[in-house]
Amino acid sequence: MTHDRVALAFSGGLDTTVCVPLLEEEYDYDEVVGVTVDVGQPTAELEEAAETAAALGIEHHVLDATAAFAELCFDAVNANATYQGYPLGTALARPVIAEAIAELAAEEGYDALAHGCTGKGNDQLRFEAVWRASDFEVIAPVRELGLTRDWETEFAADRGLPVEGGDGGRYSVDSNLWTRSVEGSELEDPSTIPEESIYEWTQAPGDGAEQLTVAFEAGRPVAVDGEELDPVALIERLNARAGAHGVGRSDIMEDRMLGLKVRENYEHPAATVLLAAHEALEGLVLTQEERSFKQQVDQQWAETAYEGLIASPLVEALEGFIDATNARVTGTVTLRLEGGTVRPVARESEVSVYSERAASFDEADVAGNITQADATGVAKYHGFQSRLAQAAIERTQLSTAETETDEAGTDEETTRRLTQGG
Ligand code: ARG
């Protein structure tokens with residue numbers, strides 16, 4: 001007789017708790033193993049997951065992926081990554097979680113992998129993009145059985161499943177080192193102003209202000225106020241300091257992968273600070289051409305990361321450009337935290353492209369052997385084609401205003417003029 005085991009991505013929340021008896025009863029698994037991956041969620045959540053697993057009587061593993069996840073968050077900083085204003089915490093965490101679970105399952109010889117995602121969200125796609133690259137059977141009970149939150153709550157009550165505690169089930173919350181997302185309940189109505197109580201990482205913006213300095217080496221944040229910190233500690237430090245000033249709240253309409261438009265609330269103090277700091281330093285050390293092209297590369301990186309496809313060849317190729325430009329993003333940025341905002345106020349770098357001598361109002365020479373008078377020729381040519389176009393319009397009497405006010409009858413004349421060319 002075989003003993004079939006399924007590894008369930010387990011948070012201890014309502015969805016994944018309900019999945020345990022369903023995997024045994026509806027899918028005939030002999031054993032469900034809960035796997036919680038630590039991507040920097042609050043310790044209380046990890047403890048709650050362990051307690052819930054114990055109460056359910058299942059084997060439970062906690063895998064530490066915080067260091068790998070923090071590196072991925074820094075990759076996102078290098079790409080100035082946000083999707084519609086969201087710094088991508090959940091999106092970045094899912095592939096890391098999926099990978100860690102698949103590795104454990106391969107080591108332990110489990111037969112299948114399961115997640116508790118619904119059929120409406122992005123997370124199902126992100127998990128499965130990783131898992132379907134392996135030979136494991138993939139199971140999504142909530143989606144496949146068409147479960148609703150109300151049904152789950154009732155089922156859990158009937159069966160006496162341990163689902164209390166945490167956020168009490170009113171909201172669906174997902175936290176990791178980079179972002180905390182809050183969905184559901186009255187927040188589903190975009191016209192509802194969130195209660196202050198949905199926030200846990202950020203204080204209501206008050207009157208205080210402070211400054212801090214972030215140091216970067218080749219695009220990677222390495223120190224805060226001169227104190228070197230490893231990536232996880234650095235993110236935690238900034239979450240606390242910027243969160244105290246209400247920095248890093250967003251309330252957005254988000255277009256999900258399946259086309260649904262949803263209202264999302266997020267907290268992400270460290271992400272907001274690091275993204276602002278990194279962009280400020282890029283402004284100092286990159287050329288105009290690099291900055292302009294990088295916006296397109298960054299946008300594509302963020303959209304692909306949102307889809308959970310961080311391991312795709314496209315991302316690797318984009319990172320060729322991102323890494324090449326970030327090689328020079330070394331220096332420090334000072335930022336001011338004040339009333340829910342973060343604002344770069346100073347930046348310094350040894351590899352700065354900025355020349356004070358060239359830009360100064362006080363210097364006669366622009367730089368080297370270039371003088372102000374050399375700009376005369378450039379100024380004469382600037383806008384040359386616009387002037388030629390304007391002259392052509394005037395020559396043919398074809399002004400926009402004229403065509404707009406053209407009445408029927410003169411239309412023919414206009415068409416003739418246009419088709420005859422100039
Ligand atoms: N909408 C965000 C995303 O797709 C956050 C999802 C949060 N997930 C959750 N189960 N609350 O990345």
Side-chain angles (χ1 to χ4, degrees), residues 69-96 122 125-126 129-130 178-179 181 214 216-221 231 248 250 252-262 264 266 268 270-331 333 335 342-344 347 349 351-355 359 378 382-383 385-386:
F69 181 59
E71 287 299 336
L72 188 52
C73 295
F74 283 2
D75 290 347
V77 170
N78 290 171
N80 301 311
T82 57
Y83 174 79
Q84 299 181 333
Y86 155 51
L88 299 172
T90 301
L92 297 174
R94 292 302 184 245
V96 172
N122 295 320
L125 306 178
R126 296 169 181 150
V130 175
W178 204 232
T179 54
S181 85
V214 182
F216 289 84
E217 266 170 34
R220 308 309 259 195
S250 44
I252 60 169
M253 295 310 298
E254 182 173 311
D255 296 299
R256 282 190 187 159
M257 278 186 259
L258 290 173
L260 288 173
K261 195 181 274 298
V262 289
E264 294 278 2
Y266 297 107
H268 38 77
T272 300
V273 171
L274 290 174
L275 290 167
H278 181 264
E279 220 172 339
L281 195 52
E282 279 193 344
L284 184 65
V285 302
L286 298 187
T287 62
Q288 186 270 330
E289 294 84 356
E290 287 173 304
R291 292 171 74 186
S292 169
F293 185 65
K294 191 163 185 296
Q295 286 188 0
Q296 298 173 53
V297 174
D298 288 350
Q299 171 75 14
Q300 190 64 54
W301 192 97
E303 283 178 15
T304 312
Y306 182 75
E307 297 183 353
L309 302 177
I310 207 72
S312 66
L314 174 62
V315 166
E316 199 183 323
L318 295 170
E319 286 181 352
F321 180 84
I322 292 170
D323 293 347
T325 45
N326 271 283
R328 280 161 28 235
V329 183
T330 295
V333 179
L335 306 110
V342 61
R343 185 165 52 91
R347 69 285 279 154
S349 174
V351 280
S352 169
V353 171
Y354 174 76
S355 157
V378 178
H382 188 60
Q385 289 205 356
S386 296

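Only this structure's heavy atoms are used, side chains among them; waters, hydrogens and symmetry mates stay out.
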Q: Using a strict cut-off of less than 4.0 Å between a Lys/Arg side-chain nitrogen and an Asp/Glu carboxylate oxygen, indicate whether Glu279 and Lys294 qualify as a salt bridge.
A: no
Q: Please report the shortest heavy-atom distance between Leu284 and Ser352, naming the atom on each side.
A: CD1-OG, 3.4 Å
Q. How close do Ala305 and Ala91 get, heavy atom to heavy atom, and via which atoms?
A. O-CB, 3.7 Å
Q. At what distance, to the nearest 0.5 angstrom, does CG of Asp75 lie from CG of Leu92?
A. 8.5 Å
Q. Partners of Tyr83 by ring-ring contact (aromatic ring centres under 6.0 Å, His included), sequence neighbours excluded?
A. Tyr306
Q. Do you know which two heavy atoms are closest between Leu286 and Thr325, and how far apart they sit?
A. CD2-O, 3.6 Å
Q: Output all residues satisfying ring-ring contact (aromatic ring centres under 6.0 Å, His included) with His278, sequence neighbours left out; order by chain, then residue number.
A: Phe216
Q | Heavy-atom closest pair, residues Gly219 and Asn78 | A | O-ND2, 2.6 Å
(Q) Can you confirm whether Arg256 is buried at CZ, in the sense that more than 12 heavy atoms of other residues, nucleotides or ligands lie under 6.0 Å from that atom? (A) yes
Q. Does Val353 have any side chain to side chain contact (heavy atoms under 4.5 Å, CB included) partners at least two apart in sequence or in another chain, and if so, which?
A. none
Q | Value rounded to 0.5 Å, distance of CD in Glu307 from CG in Asn122 | A | 9.0 Å
**Q.** Passing candidate, salt bridge (charged side-chain N to carboxylate O under 4.0 Å, His left out) with Arg328, options Glu282, Glu217, Glu290
**A.** Glu290
(Q) Does atom CD (Glu289) have a neighbourhood of more than 12 heavy atoms from anything else shown, all under 6.0 Å? (A) yes
Q: I would like to know whether Tyr266 and Glu254 meet side chain to side chain contact (heavy atoms under 4.5 Å, CB included); could you show each step before the answer?
A: CA-CA 11 Å; Tyr266 297 107; Glu254 182 173 311; 2.5 Å; yes
Q: Quick one: sort the Phe74 and Trp178 rings into parallel, tilted or perpendicular, breaks at 30° and 60°.
A: perpendicular
Q | Full working for side chain to side chain contact (heavy atoms under 4.5 Å, CB included) between Val315 and Gln300 | A | CA-CA 8 Å; Val315 166; Gln300 190 64 54; over 6 Å; no
Q) Does a side chain donor of either Gln299 or Gln295 reach within less than 3.5 Å of an acceptor in the other side chain? A) no
Q: Could you tell me the separation between the CZ atom of Arg94 and the CG atom of Leu125, rounded to the nearest 0.5 Å?
A: 12.0 Å
Q. Where do Ala218 and Thr330 come nearest, in terms of heavy atoms and distance?
A. N-OG1, 2.8 Å
Q.
Could you measure the distance from the CG atom of Asp298 to the CG atom of Leu318? Nearest 0.5 Å is fine.
A. 9.0 Å
Q: Decide side chain to side chain contact (heavy atoms under 4.5 Å, CB included) for Ile310 and Leu72; before the verdict, give the C-alpha distance in whole Å, the side-chain angles of both, and the deciding distance to 0.1 Å.
A: CA-CA 9 Å; Ile310 207 72; Leu72 188 52; 3.7 Å; yes
Q. Any chance CD of Gln84 has more than 12 other-residue heavy atoms, nucleotides or ligands included, within less than 6.0 Å?
A. yes
Q | Interatomic spacing from OG in Ser181 to CD in Glu264 - rounded to 0.5 Å | A | 6.0 Å
Q: Go through Trp301 and Leu88 one step at a time and tell me if the side chain to side chain contact (heavy atoms under 4.5 Å, CB included) criterion holds.
A: CA-CA 11 Å; Trp301 192 97; Leu88 299 172; 4.2 Å; yes
Q: Work out which heavy atom in Ser250 is nearest to a heavy atom in His268; give both atom names and the distance.
A: OG-NE2, 2.7 Å
